[in-house]
K.L.:
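Dropping a structure here in structure tokens format, bear with me for questions.
A note on names: the letters A, B, ... follow the listed sequences, proteins ahead of strands, and every chain is numbered from 1.
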Number of protein chains: 2
Amino acid sequence: MTTNSRNTSQRRTIVSALDDAAGFISAQDLYGHIRARGDQVALATVYAQLKKLVASGDVDAVMNERGESLYRRCAAASHHHHLACRVCGATLEIEIPPLEGWARAIAAEHHFYDVHHVLELTGVCATCHDAAH
Amino acid sequence: MTTNSRNTSQRRTIVSALDDAAGFISAQDLYGHIRARGDQVALATVYAQLKKLVASGDVDAVMNERGESLYRRCAAASHHHHLACRVCGATLEIEIPPLEGWARAIAAEHHFYDVHHVLELTGVCATCHDAAH
DNA sequence: ATTCTTGCAAACCCTTTGCAAGCTA
DNA sequence: TAGCTTGCAAAGGGTTTGCAAGAAT
């Protein structure tokens, strides 16, 4: 999680904007928030910094169903998954410890190497469920 | 699952190519296979038909980590997952029965409703692993 | 005959890249 | 000073759209 990136004002602005956004946010929207706040950072810089933040493990990235990457500051250090509300976008980090073992077992069974896994859970949170009567 | 689409030769070609591809395939790759087979269908038509097929429920669509949509004919009624080789693209259908229960349990625990899950496993198959020495 | 589908090219959107100027360490 | 970072504009890649010609019903 340690980074050797330079501490530029743009990087600080981007990290700060990510903190303000309490859930997953697209690079474009993040850029919009930054500009709305009155800060000046180029869109290409937003992408460049997000890339570094993901590489260093400080930020999580997932792909939404429109093909946009969504970014979020990572609270948990360990491997985890997400439970997201399809209506309001609220996200919870969850852990399914047995899953890691299953993934390894299945990989071994089929003679696959270097297996990665992605699990995403989506549903409707209690708040949004109630709001729909 | 019933459709009211017209039965054009292009549509038949596209469905047939989807059947030949035994797993998830991108629209671009599907188009490649169709042309490799000697058939003539415009890329825009491939996209148009895939859109209809997804809308009618005859085809499943998921987004990969590069932001491409991947399509698959919904053959199996039962829910299952995939183990795909990152090198050659070979795909195996796998089942992780306990996962369904876990998903339900987590949903209940967090008061989420109508929870769906997507699990994708990727690795390097034995053949590709051996080919790299 | 009507309505949907096809196909081409252009448009779109998100993201990445080339490169000169600026700033951090 | 050396090298990463920034910023602009342009390119790239996947997907969608406008519209006229062609099929299916």
K.L.:
With Leu43(B), which residues qualify under side-chain contact (heavy atoms from CB on, under 4.5 Å), at least two apart?
P.N.:
Gln28(B), Tyr31(B), Tyr47(B)
K.L.:
Could you pull out all residues at least two apart from Ala48(A) that satisfy side-chain contact (heavy atoms from CB on, under 4.5 Å)?
P.N.:
none
K.L.:
Looking at residues at least two apart in the chain, or sitting in another chain, which of them share a side-chain contact (heavy atoms from CB on, under 4.5 Å) with Gln40(A)?
P.N.:
Arg35(A)
K.L.:
Between Leu53(B) and Leu18(B), is any pair of side-chain heavy atoms under 4.5 Å apart?
P.N.:
yes
K.L.:
For residues 34-41 of chain A, which residues have at least one heavy atom under 4.0 Å from DNA chain D?
P.N.:
Gln40(A), Val41(A)
K.L.:
Could you give the CZ-to-P distance, from Arg66(A) to dC14(C), as a whole number of Å?
P.N.:
7 Å
K.L.:
Kindly indicate whether the side chain of Glu68(A), heavy atoms from C-beta on, has any atom under 4.5 Å from the side chain of Asp29(A).
P.N.:
no
K.L.:
Just the rounded figure in Å: distance from P of dT6(D) to CZ of Arg11(A).
P.N.:
9 Å
K.L.:
Could you state the atom-to-atom distance from CD of Gln10(A) to P of dC4(D) in whole Å?
P.N.:
17 Å
K.L.:
Please give, in whole Å, the distance from dG13(D) C1' to Glu68(A) CD?
P.N.:
15 Å
K.L.:
Among residues 44-52 of chain A, which residues get a heavy atom nearer than 4.0 Å to DNA chain D?
P.N.:
Ala44(A), Thr45(A), Gln49(A), Lys52(A)
K.L.:
Give me the distances for all protein-to-nucleotides 19-25 of chain C N/O pairs that come in under 3.5 Å?
P.N.:
residue, atom, partner, partner atom, Å
dT24(C), O2, Arg6(A), NH1, 2.9
dA25(C), OP1, Asn7(A), N, 3.2

K.L.:
Does Arg12(B) have any side-chain hydrogen bond (donor to acceptor under 3.5 Å, both in side chains) partners at least two apart in sequence or in another chain, and if so, which?
P.N.:
Asn7(B)
K.L.:
Looking at Val41(B), is its backbone amide N or carbonyl O close enough to the side chain of Thr45(B) to form a donor-acceptor pair, meaning the two atoms are under 3.5 Å apart?
P.N.:
no
K.L.:
Between the opening five pairs and the closing five pairs of the helix from dA1(C)-dT25(D) to dA25(C)-dT1(D), how far apart are the helix axes, to 10°?
P.N.:
40°
K.L.:
Using the test side-chain hydrogen bond (donor to acceptor under 3.5 Å, both in side chains), find all partners of Gln10(A) that sit at least two apart in sequence or belong to another chain.
P.N.:
none
K.L.:
side-chain hydrogen bond (donor to acceptor under 3.5 Å, both in side chains) with Arg6(A): which residues, sequence neighbours excluded?
P.N.:
none
K.L.:
Ser69(B) and Met63(B): which non-hydrogen atoms are nearest, and at how many Å?
P.N.:
OG-CE, 3.8 Å
K.L.:
Considering every strand and a 4.0 Å limit on heavy-atom distances, what is the contact class for Gln28(B): base, sugar-phosphate, or nothing?
P.N.:
base
K.L.:
Can you list everything that forms a side-chain contact (heavy atoms from CB on, under 4.5 Å) with Ala61(A)? Sequence neighbours excluded, please.
P.N.:
Val54(A), Tyr71(A)
K.L.:
Report the distance from atom CG of Leu43(A) to atom P of dA11(D), rounded to the nearest whole Å.
P.N.:
17 Å
K.L.:
Measure the shortest side-chain to side-chain distance between Val124(A) and Val115(B) over non-hydrogen atoms and say whether it is less than 4.5 angstrom.
P.N.:
no
K.L.:
Can you pull out every salt bridge (Lys or Arg N to Asp or Glu O under 4.0 Å) where at least one residue sits in residues 13-25 of chain A? Sequence neighbours excluded, please.
P.N.:
Asp19(A)-Arg73(A), Asp20(A)-Arg37(A)
K.L.:
Has Ser69(A) got a side-chain N or O lying under 4.0 Å from the OP1 or OP2 atom of dT15(C)?
P.N.:
yes
